[in-house]
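What follows is a short report on a single structure.
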Amino acid sequence: MSTPTEPRTLSVRYFAWVREKTGISEERIAVPANVVTVGDLAMWMQTRGPEFAAAFAKPDAIRAALDHRHVKADAVIGQAREIGFFPPVTGG
Amino acid sequence: MSTPTEPRTLSVRYFAWVREKTGISEERIAVPANVVTVGDLAMWMQTRGPEFAAAFAKPDAIRAALDHRHVKADAVIGQAREIGFFPPVTGG
Amino acid sequence: MSVSVHAADFDVSTEIGRLSDGDTSIGAIATFIGKVRGEAHGKPLISMQLEHYPGMTEAELTRIEDEARTRFHLTASRIIHRVGTLLPGDNIVLVIACSQHRHDAIAACDFLMDYLKTQAPFWKKETGSDGVGSWVDARSSDDEALRRWR
Amino acid sequence: MSVSVHAADFDVSTEIGRLSDGDTSIGAIATFIGKVRGEAHGKPLISMQLEHYPGMTEAELTRIEDEARTRFHLTASRIIHRVGTLLPGDNIVLVIACSQHRHDAIAACDFLMDYLKTQAPFWKKETGSDGVGSWVDARSSDDEALRRWR
């Protein structure tokens, strides 16, 4: 269990062009204390250097999933173990 | 070509329970002079003995095709070469 | 575009292959298979006899395929309908519609089945465990389904 | 009800047989196959890379199948989606819906594809004859198609 003084850790996965732009497919991050929602995390991603700034330059173009479920930007990360960032899906 | 003095001949085919009731699947008939439409022919069929009377007792329950095309009772037989009588279709 | 009426069974993969192999314009293939169920009106079904109107059946199925081609963007299509004696679990009918995109393929398949059910001259006779055969009644729901396309 | 995500191809007849053989309650089987087309945006397509989100894909496809079962009377269903590098003419996706009656089977197949297209985490990258790969953009027509079911 995370406490206010102990930063939560979160698995982050990137797919398609989000993965290509960040240059990594998976990592584990310590969630900053002021990051509450998925949208907060996407904004924070922009501050992590040029690759991440490029990948998250247009947050509206990116979709997210918390623990394998689609979520909107206002979803609270809470106790989720994994978040995925990706473009709108194009399978089928 | 048929003329008023020379009765038209027509191939008649029966299917499903119409065939079972008439007892025949195919025949060639001389079309009576007063039979103009498909409905006329169905009415005339009723006069051809008990099997035909039973088969054509409810003309509304029977469908017809002229030269392999669905037609209504008011369709004119004209120069058609073949007529089929059958119940509403139930394939597929 | 082709139609077949015969007693023999069909293989879906074979038919799809014949229709689509080598044609890379096809992005979508919708297929429908109708089968003999083991029950009719709540009673076990032992067998089913499929009768048709030779000559007219092929003409009518071809007209139905032609009509589908005017309504949907189809690359290829195929209708196979079996006749004769069939048993529960047996295939009755196969419809395949190939298109560039999925909505045309699926809608055409739906359309072809609705038309086939109400226009193609086939008749089913069901034989139950008492050995008595009875001709299947046409269903008004099939006529209603057809009206969706008017 | 089952979903699979893998690189290997599938055989439609085999999958239909696995789903329906011996089940005589099934009267209708609707199938959809999506294939790689040889052209994209008017230019020749050389290959396509299919990426997905392992774990989420299976979860999402299972949710989509569950949703289809609440909306339609289904006896069985199956979704197979390929990943990895595919070539023009290759199969991408297979959806099978089995039901007692045809409208449930066809509508479920249509529904499953609309949901899969807009919800399942797959991404396509197309490589043209210039060797340059580009990620496929999501189509607004797919979102509109999804709205039909709301």
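Protein chains get the first letters and strands the later ones, always in sequence-line order, with residue 1 at the start of each. Not measured: the values here are computed from a predicted model.
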For chain A, the option from [options] that forms the most heavy-atom pairs under 4.5 Å:
{"options": "D/Ala120, D/Ala59, D/Gly34", "value": "D/Ala120"}
{"options": "D/Arg63, D/Met113, D/Arg139", "value": "D/Arg63"}
{"options": "D/Thr118, D/Val136, D/Asp143", "value": "D/Val136"}

| query | Quick one: which residues of residues 41-63 of chain A reach chain D at under 4.5 angstrom, heavy atoms only? | reply | none
| Which residues, numbered in order, of residues 85-92 of chain A come under 4.5 angstrom of chain D by heavy-atom distance? | A/Phe86, A/Pro87, A/Pro88, A/Val89, A/Thr90, A/Gly91, A/Gly92
| query | Side chain, backbone, both or neither: which part of D/Asp142 has a non-hydrogen atom closer than 4.5 Å to chain A? | reply | neither
| Engaged part of D/Lys124 at the chain A interface, taking heavy atoms whose separation is under 4.5 Å | both
| Is there any residue in residues 81-106 of chain D with a non-hydrogen atom under 4.5 Å from a non-hydrogen atom of chain A, and which ones are they? | D/His81, D/Ile92, D/Val93
| Heavy-atom neighbours of A/Arg81 CZ exceed 12 at 6.0 Å | no
| query | If you draw a 6.0 Å radius around NE2 in D/His73, do more than 12 non-hydrogen atoms from other residues or ligands fall strictly inside? | reply | no
Using distance only, find each side-chain donor-acceptor pair of residues 40-47 of chain D under 3.5 Å and give its atom names and separation, not counting sequence neighbours.
residue : atom : partner : partner atom : Å
D/Ser47 : OG   : D/Gln49 : NE2          : 3.3

| remark: Most heavy-atom pairs under 4.5 Å with chain D, out of A/Arg19, A/His70, A/Arg13, belong to A/His70
| said: Just checking D/His52 against A/Phe15, ring centres under 6.0 Å apart? | reply: no
| field | Any donor-acceptor pair under 3.5 Å from A/His68 side chain to D/Glu60 backbone | value | no
| task | Applying side-chain contact (heavy atoms from CB on, under 4.5 Å), run through D/Lys125 and A/Trp17 and close with a yes or a no. | result | CA-CA 9 Å; D/Lys125 188 177 195 174; A/Trp17 58 253; over 6 Å; no
| query | What distance do A/Arg69 atom CZ and D/Met56 atom CE have between them, rounded to the nearest 0.5 Å? | reply | 9.5 Å
